[in-house]
Every structure is written in structure tokens, then in C-alpha cells.
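Working notes, structure below.
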Protein chains: 2
Amino acid sequence: MSATMRDVARLAGVSVKTVSNVVNDFPHVSVATRTRVLAAITELGYQMNFSARNLSRGRTGMIALAVPRLRLPYFAELTDEVIVAAEARGYTVLVEQTGGVHERELEVLGSDRRRMTDGLIFSPLGLRPGDAPRLEVGYPLVLLGERALHGEVHHVSMANVAGARSVAEHLIARGRRRIALVGSYDERGAGAGSLRTQGFLSALHAAGLEHDPARTGETLEWTRATGAEAMRALLDRGVEIDAVFGLNDALALGAMRVLFERGLRVPDDVAVAGFDDIEDGRFARPSLTTVHPGRAEIAGAAVALLMDRLSGAPQRPAGEEVVVPHRLIVRESSGQGH
Amino acid sequence: MSATMRDVARLAGVSVKTVSNVVNDFPHVSVATRTRVLAAITELGYQMNFSARNLSRGRTGMIALAVPRLRLPYFAELTDEVIVAAEARGYTVLVEQTGGVHERELEVLGSDRRRMTDGLIFSPLGLRPGDAPRLEVGYPLVLLGERALHGEVHHVSMANVAGARSVAEHLIARGRRRIALVGSYDERGAGAGSLRTQGFLSALHAAGLEHDPARTGETLEWTRATGAEAMRALLDRGVEIDAVFGLNDALALGAMRVLFERGLRVPDDVAVAGFDDIEDGRFARPSLTTVHPGRAEIAGAAVALLMDRLSGAPQRPAGEEVVVPHRLIVRESSGQGH
DNA sequence: TTGTATGCGTTATCAT
DNA sequence: ATGATAACGCATACAA
């Protein structure tokens, strides 16, 4: 097997403690012994046994990130950023997929696996008010993209309401009056779906418009495929529309594809907008108007918040909410007026 | 702190060994004691300390997956599948991003972090013949998407050559004769780039065609953005083309976007095809002709191969190569003839 | 079927 | 500045 600290110590003629001091950059080690130890380490090809270190230290140097699924571009890009941010602080990330299934999401919170990590960054698809107690876990937890259910848990959220409102305002300013809403959500939830819908509706009301429920394309999953289905259903029902707001970019892209298939021109006949600013939207045809939610900032803030708690930094107020600013990005899919 | 096995044992009136037997589903435990122990476990809310278990067992129950970046759709989808496959076998996945940088890729192989996992599934962007010795690591390793450099390491690869050849044959059958190649690769590498290019060229040669080097759009990174740049450069140079083969879908999608911006019709003026069958291609406008490389199969095979080695299963021949079958998927971007 | 004793490789406490 | 030694929590011979 591979060498242990004991082997290194023996070879260098010092005690294990000294070896430990060296590998951990403990300040008080004479240059002579340090070099001697380092030499022994390279000679033996010694590598730290993390299990032993973790057991002794009582922590693991790993954090978990729970997302619905990596195949959803938004979460892939988010995970990418979280890994980068964690890495910068010497932490390793363990990715957990919940499938966005409520039951699985709750399971993940209490899973045995949580004992393998020091903390959890959790991006639920839709927590419900009744779930609040389940969030009182015994380890550092940071919630993403969710309004705090009870104010006890730290969380980082994007400007769901404001972002959706600005998209709707933009469409209205472009002269659109019959805007379809594609994507729905668990009504018991308090997640992004409900918040974005709120923002959307508030803009309509502010403009003195009504949202005809017939113009809502129901779909629980937020993928291109379901967005396409919902759009088809709307058109098949003969609903009249001059714009589409997808609750996320994937839905919007799926819808846009169907509009194309049905011979409707975007944006001339129907303007389209989404939410998330995923990479595909930038290169789609036409390119997709959307809301940039500050993914990198969210990831950075979440990791920072979690690290603060791990290092026992001056306690931030429980339930503190970090809201990352958004940015409306107007592209071709809503570019011109009628 | 949280309860230990000792606490559980004490409460249940048994020894730690018995508790251990219960939580590990050891066969010979009487129903009476088992239920007693389980009761104590739930009462105390006991959860296994993985660090301790790992130290004792000598393994961690985690595997690492090293990919270039999760923001690249192909790798996001691949990672998704690997996590699912690993989960099914009780393993947790730790994701490592190499950025596709050769230096970082080699570092990852020997990093301290490797001691936190039982094995590694490694998806390099381009290993070079000289790197072979670096692949002789002291732990189970499975390479993805790479032809074995020396035949010592196990690997799972997609049909890069055959897939690219079938794409090129398809374009040629559609009457295309001036096919641009978008995307290049480190010439020192033996990665997907070189293999796909080989397949592409072989189809041309078989058809008695020459590939004019002027029709190659150089770009090391394989993203939509770089694909777009390369396409712009080609068109700006006034190169005449009637088709584009992107070394992956992202490149092809970026190129297609530029063709649109320049007023060229796809597929009427220029047919486009990619490789990878990422989700965006299905919903792009026009939808993208591509090669489905069997992502799920690759992930499954890689995990299976790694698990075999972890469990010390009957040694498979070193350097065995599992090649997953591909499938040409013809869509709108190359749908019609001239 | 269950208990006892020992080891896993590090860190931390306390001396020196 | 360095060393001896006791945890850390669990698994596993070996006993009983």
C-alpha cells in the first residue's frame, strides 16, 4: 500500500507529529527538518489519507450541491460556477441530483450522505411552506433561488419577481397585449415558478391588462421538450397570442421551435422571451430575449455564505437573504415592434 | 455532537459490533436485536460517520469524474448520466473540472484529491503519446472518449472515426462537395478532435474528394462562441462552401448562427452537421444533423468498468476498449438536397 | 448469534 | 522546535 506518515517520519528520522506539521504548513518547523521531511515525502511518494484526516479533524473538506439535474443547462452552468468558487477555497464539490422531485429533495436533506460533507448548497425546485421544519438540519445549509420559507435558513436568491416583471414590461412596451405564459409550477410551492409568475402578472396589472388563464401553457418540467408541448397545445386550442414568456429559457426555446414549425414569425408575429440567460439563447435563431440572473454571483455568494458558517465566522443573521441583481437582455426574439 | 455507534449500542444494550452488523445488513442478526438496535438508531437519530467507516474500510464509496467543464452541454449531459449510474451502485460522484487544459488534466491525475475517492473516470480533451506514463496511476482509472495511448489503461470510447465518417458520407450523398471543417485540435493530441477529423477525411477520400485546408476553421475550444468565430473567419476569407461539419454540436450551432446572420440558408445554401447529439440541436432552427454517440451507454460502461476494478472482479484484460455504437441522426440542417 | 480487542492514519494535547 | 500518546468512530479478526 501507499506510504503513511509513520513511514515518512521513520525515513526522515522525526516523529509523525513533525511530518504532520510540515504537510500542514505549521509555522514552527526548522528549515532543516522541513526539507528533510519533504525529501522523504517525495522519495516515498507519500499522499495524505483524507479519511484519516477527516476523522481526526471532524470535517471533510467537501460540500454537497443538490440540483434538479445537470442536463438542464441552467443547473449545469450553475454547478460549473459553484465548483469553481469552492475550488478557490480549497473545497471539493459533490453533486447530488434530486430530479426536482419534491420527495427526493426532502430526502437529500436528511440523507446519510450529508455526513460525508461539511455543508450543503441546495437548489430546490419548489419547497412548500410545510417543509420549513425539514430545513432545520444540523449542518450548514444555504438555499438557492428560493424565498426563505420561514427566515431561519440562509439563502441566495435571484430577482425572480423583478426579473419577470421587467420582461413583461418590455413585451408590453413593444406593443404586445396577448402574452402567453409557458410553464407552470406546483401551486403549493414557493419557488421560482410562483415568483416569476407573480412578477409577470404584476406587470400586466400595472399596465391595466388582464392575463387570460387560457393563455397559460401548463407544464411542470421546465425543459425544451415540455415547452414545445405546451406551445403546441396552446396553438391547437386556437389561443390568440402576440408574445410568449417562458418561465425559463428552455421552455422559451422549446416554444420558439414550435412557433417556427407552425409558420409563425418571431418576433414579427409572436415575440418570445425567457429567463436564465443560458448559453443556447445567445445563439438561437432568433436569439432569445431573457433575464440574466447573475449565475456567477449566485454561486459565489452561496459558497461564501456557506464558508462563513463552516469557519464559524461572526454569525450572520439567520435567514439572511442575499438577492443578486438581475439584468434584462433584449435580443432578436423580441427585437422589433409589430 | 451527533450520536455514535457506542451511544446506540449502549441504548440498545448491545455491543458496537452488533450495531455495526445491523447497519451493514450483516446476515446473522436475530430479529429481536435488530429491531432493538433500529429503534435505538431512530431514537438517537444516529447517522454513520463516513470518515470513520472509510478509514476503517480503506475505501471511500466515492468516485471522481474529471471533465473539461460542465458548462459545455455534452459534458453536463455526460456527468448527469455518470451520476445516475454511480448512484445506482451506491457510489457518490465528485466532479472535477480540468478546463480542458492539458497541464491541469495531468495534475488531476496525481492530485491529493485522488486519495478521497476510490477511482477516477477521466474525460481528457487531448492526451498526447508522451503522457502514457502519467496514466499509470496507482488507482482504478477509466478513460473516456480516448483511444488508448498505450493499451495499459481501460477506456470507453465512442465511435469517433466511424461517426464522423458517416456524417461526411451523408453530406456527400446529399451532393455536397465543398465541406468546411469547423474546429481543430492540438495536433500532438490523440483525442476526439483528431479521430473525428480522420473519419471526416477518410469519407472524402473514399469519395474521391480532396479537403482544401482553406476550408478548415481553426478553433481550439469547442464552444458555440468559437464555432461562430471560426465560421465568420471562413466567410470573411471568401471560402466557398456548401456544407459545414462541426467537430461537435456546439461548434456547429455557433457556425449555423453565423450562416443565418450572413443570410445563407441552411440547408439550401449550406448544410450543417455536428457531433454529440446534445439537446439543443434537436430544438435548434433548423434542427441539427448529428451523431448520437451513446452518452448513456458510455456513462454506464465507464461506471461498470470502474466498479469491476473496485470490487476486484475477475481482471479484465488491461487496456480493454469498450466502443459504444453510434447513430447518425439526420435532421433539418442537412435535410434536403440542393 | 454476539462480544472483545485491536488497528485504520491523522490531529491535538501536553510535555520537553 | 519537536516528541509521546491519546483520541477520532468504525470494521474486523478472533473468541465466546
Side-chain angles (χ1 to χ4, degrees), chain A residues 1-38 40-41 44-62 90 112-118 138-139 312, chain B residues 1-38 40-41 44-62 90 112-118 138-139 311:
Chain A
M1 278 308 149
S2 53
T4 75
M5 268 192 178
R6 261 246 288 278
D7 304 324
V8 175
R10 197 149 28 205
L11 180 59
V14 298
S15 78
V16 267
K17 168 64 175 162
T18 302
V19 178
S20 176
N21 286 340
V22 170
V23 298
N24 290 300
D25 300 308
F26 195 68
H28 305 294
V29 183
S30 76
V31 187
T33 49
R34 157 164 282 121
T35 49
R36 205 140 41 86
V37 169
L38 289 176
I41 286 180
L44 294 175
Y46 167 77
Q47 286 190 246
M48 171 79 70
N49 178 322
F50 279 88
S51 295
R53 161 188 281 204
N54 294 343
L55 173 58
S56 193
R57 294 227 262 228
R59 35 198 209 77
T60 67
M62 303 188 287
D112 273 358
R113 288 237 181 101
R114 293 292 70 71
R115 294 290 307 247
M116 309 202 307
T117 53
D118 299 337
Y139 52 83
Chain B
M1 280 307 145
S2 52
T4 75
M5 267 193 180
R6 261 249 285 280
D7 303 325
V8 175
R10 194 147 34 205
L11 181 58
V14 298
S15 78
V16 263
K17 165 65 173 161
T18 303
V19 178
S20 175
N21 286 341
V22 170
V23 298
N24 291 301
D25 300 308
F26 194 68
H28 306 293
V29 183
S30 76
V31 188
T33 50
R34 156 164 283 120
T35 49
R36 204 139 42 85
V37 169
L38 289 176
I41 286 180
L44 294 175
Y46 167 77
Q47 286 190 245
M48 172 81 70
N49 178 321
F50 281 82
S51 295
R53 158 189 282 207
N54 294 344
L55 174 58
S56 195
R57 294 227 263 226
R59 36 196 209 78
T60 66
M62 303 189 288
D112 273 358
R113 289 235 180 102
R114 292 293 69 72
R115 293 294 304 250
M116 309 203 305
T117 53
D118 300 336
Y139 52 82
S311 62

(message) Any side-chain to backbone donor/acceptor pair from B/T35 onto B/V31? Under 3.5 Å, distance only.
(response)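 Indeed, once roles are kept as given, a pair shorter than 3.5 Å links the two residues.
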(request) Find the distance between CD (B/Q47) and CZ (A/R114) and round it off to the nearest 0.5 Å. (result)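 One finds 9.5 Å between CD of B/Q47 and CZ of A/R114.
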(request) Nearest-nucleotide wise, let me know which of A/H28 and B/N21 is further upstream toward the 5' end of DNA chain D. (result)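 Closest to the 5' end, via its nearest nucleotide, is A/H28.
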(request) Considering just the side-chain nitrogens and oxygens of B/T33, establish if one lies under 4.0 Å of OP1 or OP2 belonging to C/dT2. (result)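 Checking B/T33 against C/dT2: at least one side-chain N or O falls below 4.0 Å of OP1 or OP2.
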Please give, in whole Å, the distance from [N] [atom2] to [X] [atom1]?
X     : N      : atom1 : atom2 : answer
A/M5  : D/dT5  : CE    : C1'   : 16 Å
A/R6  : C/dT11 : CZ    : C1'   : 15 Å
A/L44 : C/dG9  : CG    : P     : 14 Å
A/F26 : C/dT13 : CZ    : P     : 10 Å
A/Q47 : C/dT10 : CD    : P     : 11 Å
A/R59 : C/dT11 : CZ    : P     : 11 Å
A/M48 : C/dG9  : CE    : P     : 13 Å
B/N49 : C/dC8  : CG    : C1'   : 13 Å

Would you check if [X] and [Y] make a side-chain contact, meaning some heavy-atom pair closer than 4.5 Å?
X     : Y     : answer
A/T4  : A/N49 : no
B/I41 : B/V23 : yes
B/V8  : B/M5  : no

Pick base, sugar-phosphate or nothing for [X], based on heavy-atom distances below 4.0 Å to the nucleic acid.
X     : answer
A/N54 : nothing
B/F50 : nothing
B/Y46 : sugar-phosphate

(request) Give the nucleotide from the list D/dT12, D/dT2, D/dA7 with an atom nearest to the side chain of A/V29. (result)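 Per side-chain heavy atoms of A/V29, the pick is D/dT2.
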(request) Would you indicate which nucleotide in C/dT11, D/dC8, D/dA1 comes nearest to any side-chain atom of A/N24? (result)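 The answer is C/dT11.
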(message) Listing request: all side chain to side chain donor-acceptor pair (under 3.5 Å) pairs with a residue in residues 17-31 of chain B, at least two apart in sequence or in separate chains.
(response)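 Applying side chain to side chain donor-acceptor pair (under 3.5 Å) to every pair that reaches into residues 17-31 of chain B, excluding sequence neighbours, yields B/S15-B/T18, B/K17-B/N21, B/S20-B/N24, B/N24-B/R53, B/S30-B/T33.
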(message) What I want to find out is whether A/D112 reaches A/R115 closely enough, with some N-O distance under 4.0 Å, to be called a salt bridge.
(response)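 Salt bridge between A/D112 and A/R115, a charged N being under 4.0 Å from a carboxylate O: no.
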(message) What residues from residues 12-20 of chain B pass a heavy-atom cutoff of under 4.0 Å to DNA chain D?
(response)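 Residues of residues 12-20 of chain B under 4.0 Å from DNA chain D: B/K17, B/S20.
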(request) Look at the side chain of B/S51 against the base of D/dG9 and say whether a donor-acceptor pair falls under 3.5 Å; ignore hydrogens and angles. (result)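 Between D/dG9 and B/S51, which were checked side chain against base, a qualifying N/O pair under 3.5 Å is absent.
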